[in-house]
Each structure stands twice: as C-alpha cells, then as structure tokens.
Amino acid sequence: MKKHLSLTSLFIAILISPAYTSAIEVAFETDQSLPIVYLNIAVKAGAVTDLEGKSGLTNFLGEMLLRGTTKRNKEQIDIALDQIGATLEVETRAEALILRGAVLASQLNRFLEITGEIITSPSFPENEIRKLKSEIISSIMEERGRDSALAMRRFTQFMFGTHPYGKPVLGKIKDVQSITRQQLLAHYNRIIHDQLLLVIGSGDTAANQIDLWAAKIANERPSPPDKSIASILVSKPIDSNSKRLQLIDKPERTQTQINLGQVGVRMTDPMFFPLYLGNHAFGGGSFSARLMVEIRVKRGWSYGANSFFRHGRQPRSWQVHLFPAAKDTPNALAHTLKMIEELREKGISQEEFAFAKKSLINSAGFLFNTPKKRVENKLLERTLDLPDGFMKSYGPELQKVQLSDVNSTIKHFFKPESLAISVLCTAKDIKDALLKAAGVAAEKIEIWPYTAE
Amino acid sequence: MKLFNKCLIVISAILTIFVCTDCATKGIKGEQELPLVTEKSVTPLVGSYEVNRYLFKNGLRLLVIEDHSSPTFAYQTWFRVGSRDEKKGYTGLAHLFEHMMFKETKNLKDGEFDKILESEGVEGENAFTSRDYTAYIQELPSEKLDLIARLEAERMVNLVINEQAFKTEREVVQNERRYRNENNPDGLMYQEIFGLAFTTHSYHWPVIGYQEDLDRMTAKDALDFYKAHYNPNNAVIIVTGDVVPANVARTVAKYYGALEPQPATPTKVEPEPLQKNVRRQQLKLKIQVEKLLMGYHVPEVSHDDIPAINVLQMVLTGGKSSRLYRALVSTGIASSVESYGMEDRDPSLFVISANMQKNKKATEAESVILRTFERLSKETVPQQELERAKNRVNFNFFENLDGNNERAYFIGHYESIANGFELGLEQQKRIQSVSAADLQFIIKRYFDQTQRVVITGVKGEEEKNK
C-alpha cells in the first residue's frame, strides 16, 4: 500500500527536535498485508508493584489512564477512540502493564495523538475513581461465578502466599475500595516514565512514525531522579516445606477445578529447555502427553488435563490443571500426584523424549511466524529480561538437549513433597477423600468459602 | 470441541464481514488441466489476497489463498452439519461425533492421527461444532501439505467407531458439558435463551446436547451420523498460506478425488413460528452479581437486513461510547455489556448480555435496554454516531482476516452456511451504505419488545446471605 505523509504526522515530526533521542525502546514491524496497526504501550511494572494493602493498584492505574486527561473527560476519550474505530484496552500482568491498541491505518495519526495524551497527562478525576471502584469490585464478584477463573486466582494466592506473585491482578475488594487519588498519582509518577516504558507493535505504517511519537512521550515523561526505579525486581519465591491442600468450597459442584504446582524456572535458566521438553512429554498440551492419555483418553475423567510453566523475571510456577467430575476427583488427584512422583523418579522414556523433541523442533517456527506473534515475543523479551530473539532460539536450543539432561533436570527440579494443591469443590462431599488422595495431614488443609478473599 | 481452550459454539457475530458482487471472478491462468476438477475460479478477497476456488467431480469444494509471508499454512475441513441437523432425543450427536474423528481409522490406530501430526510440528490442531457446521483445523509447516491431505482424506471415509472408545469419549463430552454449561452460569443462560426462543426449530437445543440424550447414545448412532454427513460432497476444504493453489488442487485430487459422493441427507428442520409474547425465565445460580441475557429474533445470515443489524450492534455495544455502555456501565448499573448477532443459516437470535454491578438488579438493566430501543425507534441516529459504528465494523472486518487461520475461518463460515464466501464480502460492502433510516426500519422490524426473550440470573438463596 502506498503511503502518504498526512498533515498530522508532519505536525508531529516538526514538533520533535532531531537532536532529541528517545529513552523509550521502540520495536515496530511494518506489515502491509492489511490496513490496520497494532500498538502496545507497555510499562515494565505490573501487579507486583502494588503497594502493601493496595492490591489491584497497578491495574486500577491503567484503567484510570483511559478515564480523563487534562484536555478531555472520559466520555470525550471514548468518543474520540470509537470515532476512528480504534480499541485501547488495559492488560495487567504480574510484571507488566500494557495498553493494547489497534486502529485502522488510515486513522493512526489521530490514535497516536489521543494515546499520547492519555499517557502523558491523565487527570484521575474523583468521580471516575468512584465509578471504577464499583466496576472492578463488581467484576471481582462476577468472577466468583466462573469456577475456572476463580480457582486460578485462589490457587495463585495460595501457592505464593505473601510473595508479590500471589497478588491478584484485579485486587482484593477491600484493597480496591481503599485506593485514593493521591496513591494513584504517586504510583503513576513511580512507574510511568521513559525508563520503564516500551512501545511494541506491527502494522501498516512506517516504523519511523512510531519512533518519533515515542520520542515525544519520552520527553514528557522523563525518569525520576531515583534511578533505582528503572528496574523493579521482586525476590525469588520459595516452595513450602511440605505438601499443602486448599479447598475452595462452593455448593453444588458437579465438577471440580484442580490446580496444583510448585515454584517454576526462569526462561534463561540452563534447566529451562530440558524442563520444557520434559513437561511437553508429561502434560504440555499434546494429546499424546502422559497426563492427557491417562486422565482423558484412557479414563475420560476430565475434558482437559495439562501442565505448564508461568514465567516471570524470577522463577514463577509450574502448574497442573484438570477439571474432573466431582465423583472422579479424588481418583484423578491421586493418579496425577502419583504420575508426578513417577516422573521425578523415572523421568521420561527414550520414546517420549524422541517424540517430544521432534514435535517441539518441528513446531518451533510457529513461535514467531506472524507479525502478531513477533510483537508478543518482543513484549515477553522486554518485560521478562530475555535476550533478543529468544523465541527464535527454541529450535536450536532444543536440538542440543539430550535425554540424560531432561531426566537429571526433572529429578532435580520436581518437588512432589512440596506441592501446593488447590481444589474448587463442594467440600462436604469429598473433603475426606481428597485428604487421602493428596496424602496431606489433616492440619495442612485449608478450607475457604468461595466468597472469601 | 476437541480441546478445552477454545469456544465450542462459534459466535458468528464476531464475523461482521462482507461480499463483492463486482469483484472480478476469473479463470485460473497458467495452470495445466487439473484432474477431476469441474470448475475453477479466482476471486479477490481483501488487499492482495485472492481466493482460488476448485470444485471437484465428487462435489468436494476446495478454496486456496496463497500467502508466502511465513513458511506455514492452515488447513481446515468444514462439514455442513451441526446441531441443527440432529433429531430430538439425539441432541449433542454432531459434537460428540466430532470427538470421535480423532480416533481409529482403517489405516491408523487410535491416537496415531494426533501423534503423526504432532511429531511433524502441527500447531493449533483442533475442531469445533456449531449449530450449522463442524470444522477440523490445524496449521503446519509448508512441506506437510501431502501429509495432512492424506490424513484428512483417510478420516473422512475410513473412520472406525469402536464401542469402548465411544463410551470413554462420551464421558469426556459429559465433562465438557459440566464445564461449559452445568457449572458455568453464562453457558447455562445461553442454553436457556435458545431453549426458550425456539420451540420447534432445532436451534432449541444446545450444541453440546442434553445429558440424558448423551447418556443414551451408542456407537451405532455415531456410525450412522458419519455415513449420513461425512462425505466429499458435504465438505469444504480451505488452505491458506505458503502454498501454490494448483499444487494444492493436485494434492487434494490425489487423496480425495476417488472418494465417492454420497446421496445427500437433507435435514427436515421445522420452521419456528412467530413469537407473539415476551418469554422470560429466572435462573437461581451460584453467583454474586446478577446477570441478564436478552434475545431478539433476527433473520438468517444471507438476509438483506444483516448489514444494518451489524451496524446496530455497534451502535448498541461497540466501544465505550456506545449507547448501552453509556446507559448501563457509565451509570453504575452494569460492569459490562455486550451484544452478538448470531449469523446462522436459519433465522436466529440477536443477544444482549450484561453483568450487573453489586446490588443492582438485572431487571433494572432490562428496563434501560427497553428505553434505549424505544428512543432508537423514534429518533434518528446522528450521522457521526453512524460513522463511528461503521468504523468499528470495518476494523473488526480486517482484524478477523488477520492470519491464515482467520482467513480460512471466514471462508469456511460463509461457504458452509451460505454456499459462498462472497456473501461475507457483499455484506461488508453493504455496511457502508447503511443509513439511519435503515436502522430505524430494522429496530421496528426485529426489536419488537413484545417478542423478546429474557433470561435473568439471580443469586440462589444461599448466595443472598453472603
């Protein structure tokens, strides 16, 4: 598609002094296959930076950016974005806050103007703070009706305890209720500045246009004098000394949600690729993986059964998720735990290794085969401190992995005796059977009503 | 659906797409005579993408989009059969059968289909069943075209339905049902709204079926269903990505060309009588905030009024400046509101869903929605608001074509329910000429409030005390 420099983009270009360099990193891939542009403005600080007793603060801040600037109120922002057919939404992760934007290429200049204003001159109006509190609190309450989401939120809290990785992204109701405008302003000044900002996108425009725009943002949001804010790193989480069981008690469940796990591994750790391969053979989403074969294919106990890593700048988690019928839950849990123990003791077989290795190497190209995926990869690389092109290294790195590496790493990594096990179920129906299946002492069980925080 | 992480029921509303009556359709040049192909043509899609269409002698349709931006391709096989084609007492059979398609065949042992594809680096191997169709999808590295064509052709005609495997898979589907409906307030409400809105038409029952029907199904039922609906003349294959159309046609001819067409098994679907009164149901659920689902009868996907309905959808819930967002969320009544126009083969539903804010009643939101329609029926939508809605439709259109799988989905959806993807292009083109008067017309025609269906989800007794 032929490009014409519009009046607006000329205006932006004139405003920016050529001598001025952006401290904001920009990664933009031009892709002219469709007339749309995807733009992510990421902050390398997520829910882990929520203040004590203020869980949900970072997410709240992200949402408030869209609710008023010094020039426009929320309604004017909404109309301006909708008028150009654009979307701009907030995604909060443990270690990143991302404004995800998408717009027709023909409307990009207008989109950049509005988005720039949102990032650099939010007004945090009190009436919108009040409204957003009610919306978020209602969303947290709504989540209690969705078993899968509720179970995952409560497992994360249970597993990490007081570690920042345990903070719920949306926050706890009482914490959200107590957020003040002053705290929002302070948090804004703490995390929204050029050293923590990234601009990553793809689409039908020249990268130079995005560079110029980011430079202008950087000029308006310089980092504070305290340079330590350039990197916000939490401590490494540690596993419990013993196996623990939590029941999230919800009435009349005909199906349960089982989540269990332990502290995971950093993607740059030498153990990562052997573990990635071992996990693929065990429960990594393949229909030929052990968990899927044992739990679903052979026994029909659960529609899904898989294991996976969640990644962070520190080791985060390795988890298993399945959702059997209530009647099959004790057996499914006992069998899964037995399989994890067997995995640690015996590792995977030569046949499983060869299959997983071939499968992963052959599919490695799908990790980066589209501009959208490359944008997601770049977001991951930058927010989790991974080297450039990390996703492209999967094929070559997996090629180097040997069966002996996998099995020795599995033996070292897995800690069946320290697992955190969380089951959303109707406790009175299966509590005793679950205690037995989990092999957990009665004093190690916690039972919480599903409405508790 | 085979895997658990995707939607079972394809909400066709996300495809607010298009057709191109004046798009040039031309014969494919520079190709040698292709075996077994009776018709071939090329039609522009969007941007530089073109759709190469081949019709084989046995009735099989093949559509290919060439795109060499990555060394991969998507391969999708769509069958024009869904829950619409089931009989009473056998609800859920189309979806349960979809699960069986990953089992044993004459030449592949149980599990071998998955294993071969996984070892060759398949991505997103999956399947889904809707009211009108069933699709099998995957992406593969470029050089695996021959492999996937061979495997898909094998299971199209050589499936073996083993009684024990059927029983185990039925248990898996029952677990899927518990996951999507029984223990899921939204799933349950969707099941109920279609149940209430349709009294004679097969859209009455949920795609996943009723528990008692699943319980009584046998391997023989699955086999009969397979014989009736899985054959080349009821299938569409879509290949998009790093392929050369003529090579794809040759490969497909090689593996599918000799398959015999089967006599068509037309489904006798009872037409739905006009709804004359409001229908409503209250569900007591394990929830902490109330939920609302409202449905209106809208025409089939090929109807001329669909573009205006798509624009209306955006006026109602397209973005934070939309009418219902402002009337419900900005005012503190709901925490979210969405709407979907179900683009189905037969007349279906336009659905509005809302989650209430703490201590707010679903019935309050319902009143607000009624007032919004009342106002829309009397006042003309301003030009700027109309343009805003169209811009959002346009953006969604392009976004839904971004990727090999997405393009294949677009083609498969329209080929399966409207006999040609061109309808989708035409609908999108007509979006641009929808006027404020058109919106008023369709509001009066389809959003008659005495013909609405309402499901409210409220807290059960136990939840009220929490």
Side-chain angles (χ1 to χ4, degrees), chain A residues 1 33-36 74-75 78-79 81-87 102-104 107 131 134-135 137-139 141-142 144-148 250-255 286-288 293 296-304 323-325 355 358-359 361-366 369-370 372 449-451, chain B residues 3-5 46-48 69-72 102 111 114-115 118-123 139 141 168-172 174-176 178-179 182-185 285-289 318-322 326 329-330 332 335-336 355-358 384 387-388 391-392 394-395 398-399 401-403 462 466:
Chain A
M1 178 172 291
S33 58
L34 289 169
I36 47 181
K74 177 178 183 291
E75 190 180 342
D78 292 343
I79 289 176
L81 287 170
D82 286 346
Q83 196 63 47
I84 57 176
T87 57
V103 63
L104 291 166
Q107 307 288 343
K131 282 185 187 177
S134 179
E135 284 173 39
I137 288 168
S138 302
S139 297
M141 292 174 74
E142 194 274 333
R144 293 175 184 165
R146 290 182 283 121
D147 291 0
S148 176
K250 191 170 182 180
E252 297 172 26
R253 295 302 87 189
T254 59
Q255 183 176 55
S286 152
F287 262 74
S288 311
V293 169
R296 172 171 159 160
V297 179
K298 283 191 191 169
R299 297 174 175 84
W301 277 343
S302 176
Y303 176 46
F323 35 104
F355 177 75
K358 187 179 178 199
S359 165
I361 290 172
N362 282 338
S363 64
F366 284 105
N369 67 323
T370 67
K372 263 189 181 172
Y450 79 102
T451 49
Chain B
L3 295 182
F4 57 87
N5 59 348
V46 63
S48 56
S69 62
S70 121
T72 62
F102 293 85
D114 288 329
K115 205 150 192 166
E118 285 171 9
S119 76
E120 297 301 336
V122 72
E123 171 80 357
E139 286 185 273
T168 308
E169 209 53 36
R170 189 176 60 187
E171 184 62 27
V172 169
Q174 282 164 335
N175 274 319
E176 186 179 351
R178 291 181 187 108
Y179 175 69
E182 251 176 58
N183 294 268
N184 180 337
L285 302 167
K286 298 286 172 285
I287 53 175
Q288 296 290 299
V289 289
K320 291 176 183 169
S321 71
S322 62
R326 285 164 69 180
V329 181
S330 300
S335 61
S336 65
N355 289 317
M356 298 306 110
Q357 290 202 22
K358 188 183 174 185
Q384 200 180 25
E387 288 308 314
R388 207 154 63 219
N391 277 338
R392 288 197 74 92
N394 292 339
F395 174 78
F398 288 118
E399 194 176 36
L401 287 172
D402 194 5
E462 282 179 62
K466 285 174 181 158

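Just so it is clear, the structure is predicted and the values come from calculations on it, not from any experiment. Here is the naming used below: chain letters follow the sequence lines, and residue numbers restart at 1 for every chain.
- Remark: side-chain polar atoms of D114(B) are not paired, donor with acceptor, to backbone N or O of S286(A) under 3.5 angstrom.
- Across all their heavy atoms, F355(A) and S119(B) have their closest contact at CE1-CB, 3.6 Å.
- In this structure a side-chain-to-backbone donor-acceptor pair under 3.5 Å is present from K131(A) to S330(B).
- Of all the listed residues (I137(A), T87(A), V103(A)), the one sharing the greatest number of non-hydrogen pairs under 4.5 Å with chain B is V103(A).
- Residue contact with chain B, scored on non-hydrogen atoms closer than 4.5 Å, involves the backbone of S302(A) exclusively.
- At a threshold of 4.0 Å, the pair K320(B)-D82(A) does not count as salt-bridged, since none of the basic side-chain nitrogens sits closer than that to a carboxylate oxygen.
- Heavy-atom minimum distance, E118(B) versus S359(A): O-OG, 2.9 Å.
- Across all their heavy atoms, V172(B) and G300(A) have their closest contact at CG2-CA, 3.6 Å.
- Taking the salt bridge (charged side-chain N to carboxylate O under 4.0 Å, His left out) definition, one finds that R253(A) meets it with D147(A), sequence neighbours left out.
- When every heavy atom of I79(A) is checked against every heavy atom of R388(B), the shortest pair comes out as CG2-NH1, 3.5 Å.
- Among E169(B), E176(B), E171(B), the single residue meeting the salt bridge (Lys or Arg N to Asp or Glu O under 4.0 Å) criterion with R296(A) is E169(B).
- In this structure, F102(B) and F287(A) have parallel ring planes: the angle between them is below the 30° cut-off, well short of the 60° mark.
- Note that CZ of R326(B) is 8.5 Å distant from CG of D78(A), once rounded to the nearest 0.5 Å.
- Only the side chain of E182(B) comes within less than 4.5 Å of a heavy atom in chain A; its backbone stays farther off.
- For chain B, the nearby part of K298(A) is the backbone; its heavy atoms alone come within less than 4.5 Å.
- Smallest separation of non-hydrogen atoms from A86(A) and R392(B): O-NH1, 3.2 Å.
- Side-chain atoms of Q255(A) come within 3.5 Å of backbone atoms of N175(B) as a donor-acceptor pair (strictly under, hydrogens ignored).
- Within the 4.5 angstrom heavy-atom criterion, only backbone atoms of I84(A) (N, CA, C, O) approach chain B.
- Separation of atoms CZ (F323(A)) and OH (Y179(B)) is listed at 5.0 Å; rounding is to 0.5 Å.
- Put simply, OG on S321(B) and CG on L81(A) are 9.0 Å apart, with the number rounded to the nearest 0.5 Å.
- The candidate from N394(B), V329(B), V122(B), T168(B) with the greatest count of non-hydrogen atom pairs under 4.5 Å with chain A is T168(B).
- Here the shortest heavy-atom pairing between K372(A) and D402(B) reads CE-OD2, 3.5 Å.
- Of the possible donor and acceptor atoms, one in the side chain of N391(B) sits under 3.5 Å from a partner among the backbone N and O of Q83(A).
- Under 4.0 Å is where a charged nitrogen must lie from a carboxylate oxygen, and between K358(B) and E135(A) no such pair does.
- Residue contact with chain A, scored on non-hydrogen atoms closer than 4.5 Å, involves the backbone and the side chain of N183(B) alike.
- The candidate with the highest count of non-hydrogen atom pairs below 4.5 Å against chain A, out of G332(B), G47(B), P141(B), is P141(B).
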